Amino acid sequence: MLATRGLTWRIGEVAIVDSVCLDLEPGEFLGVIGPNGAGKTSLFNLITGLRRATEGRITLDGQDIGALPPHRRARLGLGRTFQASSVFGSLSVRENVRLAVQAHRGGSMALWRRAAADREVAAAADAALDRVGLAHRGTALAGTLAHGEKRKLEIALLLAGEPRVMLLDEPMAGVSAEDIPELVAVIKSLTGGSGRAVLMVEHHMDVILDLADRIAVMHHGALLACDTPETVMANPTVQEAYLGESL
Amino acid sequence: GSPQDTATGGGDSAAPVKVGLVYSQSGALASYGKQYIEGFKAGLDFATKGTGKVGDRKIEVTEVDDAGDPAKAVSAAKDLIGKGTKIIAGSTASGVALQVAPIAAQNKVLFISGPAATDAVTGANKYTFRSGRQSYQDVVTAKSFIGDPTGKKVVVFAQDGAFGDANEAAVKAVIGGAGATVSSVRAPASATEFTPFASQIKTAKPDLLFVAWAGTTAPAMWQTLDQQGVLASTTVVTGLDIRASWPTFGAAGTKISFLSHYFDGASDTEASKALKAKVNTIDLFHPDGFAAAQMVVRAAQEGGDDVDKMVTALEGWSFDGVKGTMTIRAADHALLQPMFQAKLAGSGTEFTATAQKSLTGDETAPPAVAMKG
Amino acid sequence: MGTVILLALTGLGLAALYFLVASGLSLVFGLADVLNFAHGLFLGVGAYGTWWAAGNLPGAGPDGFGFVLAVAFGVAAGTLVAILVELVLIRPLYSRTIEQVLVTVGLSLAGVALLQATWGADARPFPRPDWTRQVTGILGAQVPNGGLLLIIAAVLVLGAILAFLRWTRYGLVIRAGVENREMVTALGIDVRKAFTLVFAIGGAAAALAGALGGVYFGTVSPGQGSSLLIFAFIVVVIGGMGSVVGSAYAAVVVGLVQQFVNYYGTSGLGDICVVGLLAVVLLLRPQGIAGKVATA
Amino acid sequence: MTLLQTTPTPTPTVPKPGRAHRVRPFLPLVALVVLAILPYSTISLPGIFEGPLNSPGTLQLLAICLIFGGLAAGYDLLFGRTGMLSFGHALYFAAGVYGTDILVTRAGLPLWQAALLTVTGGTILAALLGAVALRTVGIAFAMVTLAFAQVGAILVARDFGGLTGGEEGLPLDVSGLPAGLVGVTNTVNLYWLALAYLTLVVFVVHRVSGSPTGRVLAGLRDDERRIGVLGLDPYRYKLVAFTLAGGLAAAGGVVYVLIVGGASPHITSSELTLSLLVMVVLGGPGTRWGPVLGGVLYMYLDHRLTAFGTSDAVDNLPAVLSHPLSQPLFVLGTVFILAVYFFPGGLAGLAPRVAHLTRALRPSRSPTP
Amino acid sequence: MEPVLSVEDLSVRISGLHILQGVSFTVAPTGVTVLLGRNGVGKTTTLRAVLGLTPPAGEVRGTIRMGAQSLLSQPTHRLVRGGLGYVPEDRDVFAGLTVAENLRLAERRGTSPAYDKVFALFPELDRRGRQRAGSLSGGQQQMLAIGRVLLNDNRLLLIDEPTKGLAPKVVTEVAEVLERVAESVPVLLVEQNLAVVRRLARDAVVLAAGKVAWTGDAHELLLETALTKSLLGVGSAEVSAPSARSELAGPAVARKDQL
Ligand SMILES: Nc1ncnc2c1ncn2[C@@H]1O[C@H](COP(=O)(O)OP(=O)(O)OP(=O)(O)O)[C@@H](O)[C@H]1O
Ligand SMILES: Nc1ncnc2c1ncn2[C@@H]1O[C@H](COP(=O)(O)OP(=O)(O)OP(=O)(O)O)[C@@H](O)[C@H]1O
Ligand SMILES: [Mg+2]
Ligand SMILES: [Mg+2]
């Protein structure tokens with residue numbers, strides 16, 4: 001479905017992302033791990049078009065998307081969340097999600113219709129909020145949410161767009177222990193038999209192990225390994241470079 | 001009430017004559033405005049012999065500040081007209097005069113433009129008059145500095161824009177028409193560094209340089225002309241501005257030949273004495289206010305409340321103003337008036353102007369234009 | 001040849017004037033993140049301060065040491081006003097850029113009107129040493145001394161500001177404070193002092209520009225500062241916000257372009273060229289000549 | 001630099017019981033009707049207006065205020081609602097003013113044709129220049145728009161082809177105009193025209209910001225990158241907002257030139273854009289009525305302070321006070337400064353605060369746990 | 001023992017929202033006191049109130065004292081200079097400055113900054129001295145934020161979710177660092193990672209809906225299934241059981257130089 005070939009991003013001499021070749025099958029859940037600074041977020045930025053790769057190809061369903069701007073890629077079904085929450089701070093939580101739904105529904109340039117009157121959009125938005133458990137915060141301004149709530153809103157924004165390929169950048173960071181299972185369930189339900197593919201960066205190993213079909217390990221920009229969780233976890237380099245001693 | 005009501009000017013013979021003065025009390029031209037109003041008050045006193053009345057009717061003056069903004073002036077004019085004012089005077093800035101004039105015509109009230117120098121006020125319409133001089137008269141005065149212009153080379157140095165255009169056109173018509181070759185060097189009004197222009201002028205080697213420059217950059221401009229040796233190599237003519245500006249010429253001041261609308265001591269008329277008694281030192285725009293008052297009194301005297309009669313009374317009227325004999329030309333309401341040549345002497349902050357020569361109103365008469373409206 | 005040298009040197013003089021105005025603007029704008037529309041007021045205070053001192057302050061005058069004293073007084077006055085403005089008006093408004101616009105616009109209107117109310121709308125002759133009115137022959141060109149004075153002053157100011165930023169900790173504190181004031185405070189630094197200092201330096205630079213601008217123009221008038229401000233803004237933006245060196249480059253480019261185009265092209269084209277230059281630079285390099293690339 | 005962050009004042013949504021609640025949506029309509037029949041009133045408000053409400057002077061002043069209320073509301077579409085800081089909005093207004101004036105006065109076109117051509121032309125101009133300027137963001141965008149406007153100002157001042165009248169301006173030739181728009185007695189028609197313009201702008205801005213596109217614009221204000229990742233092209237939406245605001249400004253210019261009876265170059269200056277910004281901030285950016293109120297108040301002060309400065313009350317003060325107070329700009333500037341400290345969030349921020357106050361004063365029903 | 005910090009009846013309102021409603025707790029003069037609670041209960045708000053960083057729209061009531069000294073009316077920078085170190089939740093490194101500049105900024109006048117200590121903990125910071133902090137990866141920024149306060153001697157550290165977004169190995173390292181730090185300086189820690197809490201915490205304060213729901217010994221809390229279930233929403237079994245990862249993970253080899 002999504003594939004990268006020799007994807008490279010250099011700043012000066014340094015390759016931040018170094019000839020990454022990834023394949024993501026429909027319905028597959030691929031976890032991405034790697035030390036801080038390995039280039040995981042940068043890889044996401046290349047795939048979603050926020051940064052332009054210096055070398056290599058990115059294809060979605062066989063179509064080369066490497067030259068498209070972010071919004072064109074999103075329209076082809078590529079959705080993502082951000083590591084540092086980026087929600088629309090001056091809009092209410094509900095408006096945030098409605099905006100995402102509307103974007104997904106075609107984002108026409110209607111200047112005269114009343115946005116609030118669109119029941120379908122509203123319903124879809126409420127459904128997305130419900131799924132992440134933020135329905136009760138609908139009227140709060142997104143900028144005033146506590147950190148964990150923003151993470152959930154991020155996911156709701158993603159859900160609203162019903163993307164076929166989802167890139168999640170550390171969705172669990174800062175989420176309280178109590179809410180993690182809930183959020184894991186949400187993410188699990190995203191894929192379940194829908195043919196959607198997920199690429200998720202996460203440092204919570206239990207979550208990754210719970211969710212991922214395969215795990216890709218990044219190190220110094222390059223793909224160190226990409227295999228089943230068992231094989232990856234058994235890899236001594238991974239243990240040494242990433243997991244370290246258990247607490 | 002109805003939205004189209006306007007107060008009607010009091011027909012009864014003892015009601016005051018309402019006069020509205022719309023001029024700059026604040027803004028960049030505030031000091032011109034100040035001279036104008038002082039002149040107006042002195043003139044009113046002079047023309048009504050201290051009574052402030054025409055016949056039995058008191059002249060009631062309303063002053064409104066336009067801050068040099070035509071939009072504010074138009075609002076003020078409409079307000080005054082709405083309250084029954086039949087005579088409006090003022091307009092320190094040309095832009096204001098040009099936009100108030102049509103309002104006067106549309107509403108059939110008398111408008112006597114003030115210090116605004118633009119030629120376009122002359123012949124603007126039947127209801128518009130002027131109490132000051134116009135650019136053309138300046139240029140004719142400038143011409144008097146070079147004797148016979150035939151074969152002479154004249155350069156106009158002026159700002160971009162309408163003021164510069166008007167001066168250039170006038171020089172071409174007046175001095176060029178008399179046989180001189182006229183070329184021009186133009187600079188943006190915003191320029192602060194004048195060396196390139198000074199160089200261009202110097203290379204042109206004119207017999208006469210006519211400078212039309214207004215604004216705060218003038219002193220820098222003069223200094224550059226002086227430094228680059230332009231003032232020493234040719235006759236340079238420009239208009240003499242208000243007294244406060246004299247020291248800003250610096251050393252250049254004494255090297256320039258000035259054409260002057262007016263300065264203290266340029267004339268010795270009854271009116272000038274009366275004015276001087278009120279304001280101590282007469283400055284550039286005092287005579288404009290003074291003349292405006294004389295015209296207002298004449299209009300009220302002869303026309304009563306009938307604006308058309310006022311117009312007829314003013315057209316062709318000759319009177320003794322501060323500058324000397326002034327004549328309102330009937331065809332286009334140009335105000336024919338004496339003009340002066342002057343020299344500055346002194347240094348530091350102390351400069352005095354002396355008249356070299358005075359030209360009569362006929363000598364400086366602009367060509368008649370057709371009345372536009 | 002003489003013409004080219006004359007144009008180049010006078011163009012540099014103009015550039016120096018732009019730089020003097022722009023340097024303070026750039027510092028305040030780039031470091032304190034305040035779009036200071038009241039910069040023209042500081043300029044005006046510097047000019048009127050110098051003018052007033054030359055006439056009234058014992059020991060000060062239009063010549064020699066007296067003139068230096070007068071300029072020093074003007075600069076001190078400008079600095080003081082800048083400090084007061086920062087303390088009283090800007091301090092409660094950091095990171096509220098839009099309100100800052102309102103306050104600084106209000107201040108520039110009110111301040112200029114106040115100067116006018118006090119000293120009148122007319123231009124006043126500016127006290128200055130006689131030699132500034134003379135010219136120096138350089139390679140056949142008669143270069144005005146006033147312009148040369150400006151060039152020297154601009155170079156000194158550039159050096160002083162760079163030294164300040166490089167060798168004191170304040171530069172760092174201010175740059176960090178612009179990004180996140182709260183966090184600077186949370187590191188135990190009184191960020192307010194640093195910002196006051198930036199305003200003081202910006203005000204001093206502006207006041208110096210005002211005083212030397214007075215020498216250059218030969219007069220002071222209330223609106224003088226504002227008329228230079230638009231070109232100063234252009235210089236700041238072309239140079240890259242907050243980069244004083246960038247402002248210096250940009251000032252030179254703008255000054256020379258104006259001077260040469262005005263001579264060889266038709267008048268007014270110089271201004272249009274400068275404005276066009278601004279648009280082109282920003283479209284190609286939105287961060288300006290020396291500005292840093294913003295992060296995503 | 002985060003220039004475009006507007007701090008929205010969270011308006012507590014207090015469900016108003018009963019009638020007040022039902023009446024609320026009709027308040028704008030009521031205000032419109034009141035404004036429309038205002039010229040039939042002869043009430044005098046001494047000190048506030050020179051003459052009675054229906055006098056031409058008052059109506060003229062009100063008309064100008066309304067126009068600027070509309071302009072500010074249009075500008076807010078860019079600034080308050082989309083977060084684009086344009087420093088060149090005066091250009092499109094000036095295009096409206098000069099376009100109409102030149103087409104009527106120099107080309108002798110009938111007014112409706114001139115107006116139509118001008119508004120179309122102004123909109124196209126905004127679209128073209130916006131297409132270029134929007135390649136930049138933030139301060140760079142502000143400066144590119146400023147640059148374009150500055151070129152406009154230079155062209156007007158240089159009086160190319162004698163079209164614009166340079167610094168003296170261009171009085172409007174009224175001979176071809178409908179008689180109902182000419183003459184002091186017809187000022188009321190101009191007033192109604194201005195009211196119609198304001199209504200149009202407020203309605204358009206209201207509809208647009210409540211539309212799906214308006215929602216995207218609000219999103220752009222907060223996080224442009226995110227909009228892109230959601231699958232929307234930020235550039236297109238910003239261009240639409242820019243063009244629309246430009247068109248509205250040009251339409252405002254058409255009405256303004258009729259009211260003032262001519263064009264003068266200071267409307268091309270960057271100061272006008274800056275005043276628009278001040279109006280919006282004064283009123284409260286991104287709010288429905290704030291920019292309108294800001295625009296009206298600004299223009300009112302701008303015009304009336306000249307009268308205040310020359311009034312006897314000021315003249316009789318000691319010189320230390322009377323000199324500055326007789327400078328209208330001094331008072332205006334001071335008002336801005338005070339406004340920031342006393343009405344943070346603009347005039348529109350006052351309403352919730354007043355509501356807060358009244359609620360606090362009302363005896364509260366004890367919340368039994 | 002005298003507590004190093006005591007908070008009494010702290011209540012914070014921000015634009016009409018009553019976020020903290022009478023919170024009281026103390027921080028012991030040694031070891032780590034951990035502040036627990038779900039997202040949005042007001043943990044960050046508490047730390048910021050201690051530091052005097054409540055937004056201007058907010059209103060703070062109650063008392064906060066360090067020893068005999070009341071903190072409430074003091075400006076933040078004075079508190080910090082008095083030895084209160086803060087690691088914010090969102091790291092808040094200065095994106096436009098380089099790593100070295102970020103560190104230099106944190107130096108306090110009159111003390112010698114402990115660069116050795118910081119670089120020994122986070123060699124990455126030494127290597128990346130010239131990089132702009134904004135382009136650091138999330139984890140690297142976290143290291144910088146922690147390194148920044150460790151440069152100086154402090155009387156109390158306030159640390160908000162320091163392990164958020166860090167790779168497991170770094171989490172372990174950070175935990176070790178904090179453990180060592182806590183030997184000499186008391187720490188008030190907000191943390192979601194219960195494994196870290198278990199390792200570090202001596203005392204615990206649990207917040208729920210703006211109020212203190214529980215205070216006491218941290219180990220007691222984590223051992224009581226009923227308590228953790230009701231307060232933190234997770235069974236103590238989950239907390240103490242080795243995570244799935246450790247089953248898969250082989251013996252750890254501490255060879256840092258390979259990274
Ligand atoms: N614009 C940039 N300029 C210079 N270096 C950069 C830039 N962007 C990223 N880097 C560097 O590239 C590396 C990869 O960064 P990235 O954010 O992709 O890491 P990551 O794998 O997501 O880490 P983490 O798990 O900590 O979030 C880091 O070392 C970072 O410092
Ligand atoms: N500036 C603010 N304006 C309005 N509400 C705020 C503001 N700051 C925080 N809040 C609200 O206060 C509550 C507590 O926030 P706080 O950040 O203290 O929670 P937290 O316990 O740190 O949560 P997390 O674990 O997600 O970081 C949240 O509901 C949040 O929405
Ligand atoms: Mg990352
Ligand atoms: Mg928190």
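Every chain is numbered from 1 and lettered A, B, ... according to where its sequence line falls, protein lines coming before strand lines. Predicted model only: the values in this text are computed from it and were never measured.
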For C:Val191, is it the side chain, the backbone, both or neither that has a heavy atom under 4.5 Å from a heavy atom of chain E?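 Neither; nothing under 4.5 Å.
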
If you count the non-hydrogen atoms of other residues, nucleotides and ligands that lie under 6.0 Å from CZ in E:Arg61, is the total more than 12?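 Check fails, neighbour count at 12 or below.
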
E:Phe94 versus C:Leu187: any side-chain heavy-atom pair under 4.5 Å?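 Yes, side chains in contact.
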
Please tell me if the side chains of E:His77 and C:Ile189 come closer than 4.5 Å, counting only heavy atoms from C-beta onward.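 No, side chains not in contact.
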
Has the side chain of E:Arg78 got a donor or acceptor atom that lies under 3.5 Å from a matching backbone atom of C:Gly188?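 No, E:Arg78 side chain to C:Gly188 backbone: no donor-acceptor pair under 3.5 Å.
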
Under a 4.5 Å heavy-atom cut-off, does chain C meet the side chain of E:Val149, its backbone, both or neither?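 Contact with chain C: none, neither part.
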
Which region of E:Arg81, side chain (C-beta onward) or backbone (N, CA, C, O), has a non-hydrogen atom less than 4.5 Å from a non-hydrogen atom of chain C, or is it both or neither?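 Both backbone and side chain.
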
Nearest-0.5 Å distance, CG of residue E:Leu51 to OG1 of residue C:Thr185: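 Rounded to the nearest 0.5 Å, the CG-OG1 separation comes out at 10.0 Å.
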
Out of E:Asp92, E:Leu158, E:Leu151, E:Val93, return the one with the most heavy atom pairs under 4.5 angstrom to chain C.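 Most pairs with chain C among the choices: E:Asp92.
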
Hey, which of E:Arg148, E:Arg108, E:Glu107 has the most heavy atom pairs under 4.5 Å with chain C?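 With the most close heavy-atom pairs to chain C, the winner is E:Arg148.
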
How far apart are the closest heavy atoms of E:Leu53 and C:Ala186, and which atoms are they?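 Shortest heavy-atom contact: CD1-CB, 4.3 Å.
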
List the steps and the verdict of side-chain contact (heavy atoms from CB on, under 4.5 Å) for C:Glu182 and E:Arg48. CA-CA 11 Å; C:Glu182 201 175 88; E:Arg48 294 173 64 86; 2.4 Å; yes

